2 protein chains.
Amino acid sequence: MKIERADDTGTIDRRVARTRALLQDAIIALIPERGYAAITVDDICRKANVGRSTFYTHYTDKDALRSATLEAHLRSLSRERLSKDERTGSRLFEFSLPMFEHAQAFRSLHHALLASSGDTIHDQMRERIQRSVRAELGGKRIGETGVSAEFAVQFISGAFLAVLGWWLSTDTKLSPAQVDELFQKMAGQGIGARQAPIDEG
Amino acid sequence: MKIERADDTGTIDRRVARTRALLQDAIIALIPERGYAAITVDDICRKANVGRSTFYTHYTDKDALRSATLEAHLRSLSRERLSKDERTGSRLFEFSLPMFEHAQAFRSLHHALLASSGDTIHDQMRERIQRSVRAELGGKRIGETGVSAEFAVQFISGAFLAVLGWWLSTDTKLSPAQVDELFQKMAGQGIGARQAPIDEG
DNA sequence: GCCAATTCCGGACATCATGTCCAGTATGAT
DNA sequence: ATCATACTGGACATGATGTCCGGAATTGGC
């Protein structure tokens with residue numbers, strides 16, 4: 001009933017470290033089994049062999065546990081990167097490769113945290129967008145085949161949804177036509193990497 | 001207790017059309033108020049002036065209502081597009097502009113459906129990625145200022161997250177380095193649209 | 001305008017998850 | 001060893017879910 005520090009590394013008492021680790025492992029193991037939404041606090045506690053009342057002395061919520069778990073792992077990822085002190089500047093985006101590597105190493109974790117349960121608003125929206133993109137991209141014929149074509153689909157639809165959400169949530173003065181122009185430019189150029197540039201017209 | 005058709009337009013009885021419209025309007029109005037997760041079926045029914053038991057004769061779930069609502073609006077969007085029969089081929093992605101326009105017209109609706117409540121796994125992840133992208137993009141100096149720089153941030157991080165999720169959920173043979181290369185290519189070219197192309201190195 | 005069919009109502013009900021609390025026990029820190 | 005602190009397990013109130021029913025209201029067809 002004290003338990004002040006939020007992080008796990010600096011925690012003094014072994015019991016709290018143990019309990020939190022058990023809970024975090026439990027929720028990670030549970031997410032792929034039945035999906036995050038369907039998990040109850042009781043499920044987590046039974047899986048972790050931790051009393052339910054104990055849970056609430058550490059986390060206020062199921063969400064709080066998830067959040068803490070994700071944070072802990074992302075922090076450990078940053079720590080790794082810093083220790084490897086790779087020479088910067090060789091590529092445009094430094095963050096992506098370590099992320100992909102970490103994702104593979106902790107595949108089940110990332111899969112659990114990112115995998116769309118399919119029952120969120122975003123998932124439903126994404127389905128629709130992906131269909132559109134796939135149709136248009138298939139029609140225009142991209143150079144590569146199979147997997148990399150689908151890569152482009154994912155890339156473009158993800159970008160579009162992010163942009164759309166951002167455009168709506170901020171009070172931008174951009175008109176629909178203006179945002180679309182920006183989007184067309186970036187998306188078109190991105191595709192251009194795997195195809196002859198689109199002729200102006 | 002009959003109620004067979006899923007769509008609203010073809011529904012015979014005025015009462016069911018009325019009820020469903022009321023419920024759909026209610027949930028749309030409610031989402032921006034307190035966020036989707038916090039809404040209860042009872043909230044929706046009181047807002048819509050519909051008996052709670054009636055709700056369950058139309059939708060099994062809160063999720064089912066949301067899903068149906070979103071579908072209905074996306075369908076209406078497709079209908080619009082078809083009626084406008086715009087000449088195709090002028091731009092690479094046809095779907096985006098109508099989407100942006102529709103989003104502006106039904107701003108509150110789209111905002112409600114897309115706006116991240118900030119409390120999902122994805123939101124938390126996105127925060128982190130955006131920070132990385134913003135840092136790297138800021139460092140590398142993109143030509144434009146302010147709003148369009150943030151546009152690029154949203155575009156890139158959205159694309160990355162989508163790709164990461166896809167890569168994890170499908171049994172791809174791609175190695176981390178390979179996915180990253182694809183990502184770097186598309187992202188780099190996308191950025192290139194607003195900057196001199198990156199010299200090969 | 002009438003009638004049969006269908007929908008809506010609203011209240012009752014069982015079930016389940018949540019979050020709080022407490023007294024008793026076990027464990028770690030020193 | 002002993003004290004502080006964390007864990008336990010059970011009880012409790014609360015609130016949401018989904019189902020079911022009889023009666024009232026509205027609709028579409030005639």
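Just so we're on the same page: letters track the sequence lines, and every chain starts at 1. A quick note: this is a predicted structure, and the numbers were derived from the prediction, not measured.
The distance from atom CD1 of B:I44 to atom P of D:dT17 is 8 Å, rounded to the nearest whole Å. One can place CZ of A:R18 at 12 Å from C1' of D:dT8, the figure rounded to the nearest angstrom. Atom CD1 of A:I12 and atom P of D:dA4 are 15 Å apart (whole Å). Atom CG of A:D43 and atom P of C:dA17 are 7 Å apart (whole Å). The separation between A:R46 atom CZ and D:dG10 atom C1' is 16 Å, rounded to whole Å. As rounded to whole Å, 6 Å separates atom C1' of C:dT7 from atom CG of B:D13. Put simply, NZ on A:K62 is 17 Å from P on C:dC16, counting in whole angstrom units. B:Y59 has its OH atom 16 Å from the P atom of D:dT19, to the nearest Å.
The side chain to side chain donor-acceptor pair (under 3.5 Å) check on B:T170 picks up B:T172, with sequence neighbours excluded.
A:T54 comes within contact range of at least one nucleobase, with a heavy-atom separation under 4.0 Å. Using a 4.0 Å heavy-atom criterion, one finds that B:N49 contacts the sugar-phosphate atoms exclusively.
Look at B:H58 and you'll find a side-chain N or O under 4.0 angstrom from OP1 or OP2 of C:dC8. Residue A:T19 places at least one side-chain N or O under 4.0 Å from the OP1 or OP2 atom of D:dC7. At the phosphate of D:dG18, OP1 or OP2 sits under 4.0 Å from a side-chain N or O atom of B:Y56. For the pair B:R14 and D:dT26, the criterion of a side-chain N or O lying under 4.0 Å from OP1 or OP2 is not met.
At least one cation-pi condition fails for A:K185 and B:F155: the charged atom is not both under 6.0 angstrom from the six-membered ring centre and inside a 45 degree cone around its axis. For A:K62 and A:Y36, the positive end sits near the middle of the six-membered ring, less than 6.0 Å away and at most 45° from its axis.
Place B:R52 and A:R52 on DNA chain D by their nearest nucleotides, and A:R52 ends up nearer the 5' end. Position along DNA chain C of the nearest nucleotide to B:G51 versus A:S53 favours B:G51 as the more 5'-ward residue.
Ring pair B:F160/A:F100: centre-to-centre distance below 6.0 Å. Centroid-to-centroid, the aromatic rings of A:H110 and A:H73 stay 6.0 Å apart or farther.
Nearest to the side chain of B:V16, among C:dA17, D:dA16, C:dT7, sits C:dT7. For B:T40, counting side-chain heavy atoms from C-beta on, the closest listed nucleotide (D:dA16, C:dT7, D:dT8) is D:dA16.
Interface remark: the B:R15 side chain does not form any donor-acceptor pair with the D:dT27 base, using a distance-only criterion of under 3.5 Å.
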